[in-house]
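Before any comments, here is the structure.
Values below: all heavy atoms of this structure, side chains included; hydrogens, waters and symmetry mates excluded.
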Amino acid sequence: MDFESTLERDFLIRLETERGVLDVVSQPLTIEFTGSNGQIYPYTPDYLVTYRAYPAPYRAPVLIEVKPVNEHALCHL
């Protein structure tokens, strides 16, 4: 699996211990969004995580962005 930082590597190692994880895809897609200035920007999440449907209850696939805590906090301003 591809990773671009030690933080992403550590995230992938942690996922290996999660029994409910079915698959992990690195940089699965690019989403375009319009900023408040009207300009279009691309965004590529780090991973798409899909989960086993059985025997656990259904859990929707999740797009993941791996960032240090201090950078993640800036995303919510």
Side-chain angles (χ1 to χ4, degrees):
M1 176 66 53
D2 294 333
F3 56 87
E4 296 179 347
S5 68
T6 56
L7 192 60
E8 288 183 11
R9 181 205 60 203
D10 294 348
F11 170 76
L12 292 171
I13 290 170
R14 183 171 179 182
L15 278 185
E16 288 179 357
T17 65
E18 296 288 329
R19 293 181 349 151
V21 173
L22 177 64
D23 192 28
V24 180
V25 178
S26 178
Q27 299 186 340
L29 66 135
T30 298
I31 301 167
E32 290 187 344
F33 68 95
T34 304
S36 59
N37 62 358
Q39 186 172 347
I40 296 175
Y41 296 93
Y43 166 70
T44 303
D46 293 323
Y47 300 100
L48 171 64
V49 179
T50 54
Y51 299 91
R52 297 183 195 289
Y54 182 82
Y58 174 75
R59 193 167 168 191
V62 179
L63 290 171
I64 303 287
E65 182 68 28
V66 179
K67 293 282 184 218
V69 172
N70 61 341
E71 286 186 35
H72 179 28
L74 294 175
C75 296
H76 296 287
L77 294 178

- prompt: Given Val66 and Asp10, is the side-chain contact (heavy atoms from CB on, under 4.5 Å) satisfied, shown in steps?
  reply: CA-CA 10 Å; Val66 179; Asp10 294 348; over 6 Å; no
query: Considering only heavy atoms from C-beta outward, does the side chain of Tyr51 approach that of Val62 to under 4.5 Å?
result: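 Yes. Closest side-chain heavy atoms under 4.5 Å.
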- prompt: Side chains of Leu7 and Pro68: closer than 4.5 Å at any heavy-atom pair?
  reply: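 The answer is yes, as the side chains (C-beta and beyond) meet within the 4.5 Å cut-off.
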Output a table of donor-acceptor pairs, distance under 3.5 Å, between side-chain atoms of residues 18-29 and any protein atom two or more places apart or on a different chain; print 'none' if there are none.
residue : atom : partner : partner atom : Å
Gln27   : NE2  : Glu4    : OE2          : 3.0

task: Using ring pair (Phe, Tyr, Trp, His ring centres under 6.0 Å) as the criterion, list what pairs up with Tyr58, not counting sequence neighbours.
output: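 Tyr58 satisfies ring pair (Phe, Tyr, Trp, His ring centres under 6.0 Å) with no residue once adjacent residues are dropped.
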Nearest-0.5 Å distance, [atom1] of residue [X] to [atom2] of residue [Y]:
| X | Y | atom1 | atom2 | value |
| --- | --- | --- | --- | --- |
| Lys67 | Phe11 | NZ | CZ | 13.0 Å |
| Leu48 | Leu63 | CG | CG | 5.5 Å |
| Asp46 | Asp2 | CG | CG | 11.5 Å |

query: Would Thr44 and Thr30 count as a side-chain contact (heavy atoms from CB on, under 4.5 Å) if you check the C-alpha gap in whole Å, the side-chain angles of each, and the deciding distance to 0.1 Å?
result: CA-CA 4 Å; Thr44 303; Thr30 298; 2.7 Å; yes
Taking every non-hydrogen atom, the tightest pair across Phe3 and Glu8: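 Looks like CA-OE1, 3.5 Å.
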- request: Would you indicate whether Arg59, at its atom CZ, is surrounded by more than 12 heavy atoms from other residues, nucleotides or ligands within a distance under 6.0 Å?
  value: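 It does not: Arg59 CZ has 12 such atoms or fewer within range.
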message: Are Ile31 and Val49 connected into the same hydrophobic cluster when the rule is that any two of I, L, V, M, F, W, Y join if their side-chain heavy atoms are below 4.5 Å apart?
response: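 No, Val49 and Ile31 fall in different hydrophobic clusters.
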field: Test side chain to side chain donor-acceptor pair (under 3.5 Å) applied to Glu32 and Tyr43, step by step
entry: CA-CA 6 Å; Glu32 290 187 344; Tyr43 166 70; over 6 Å; no
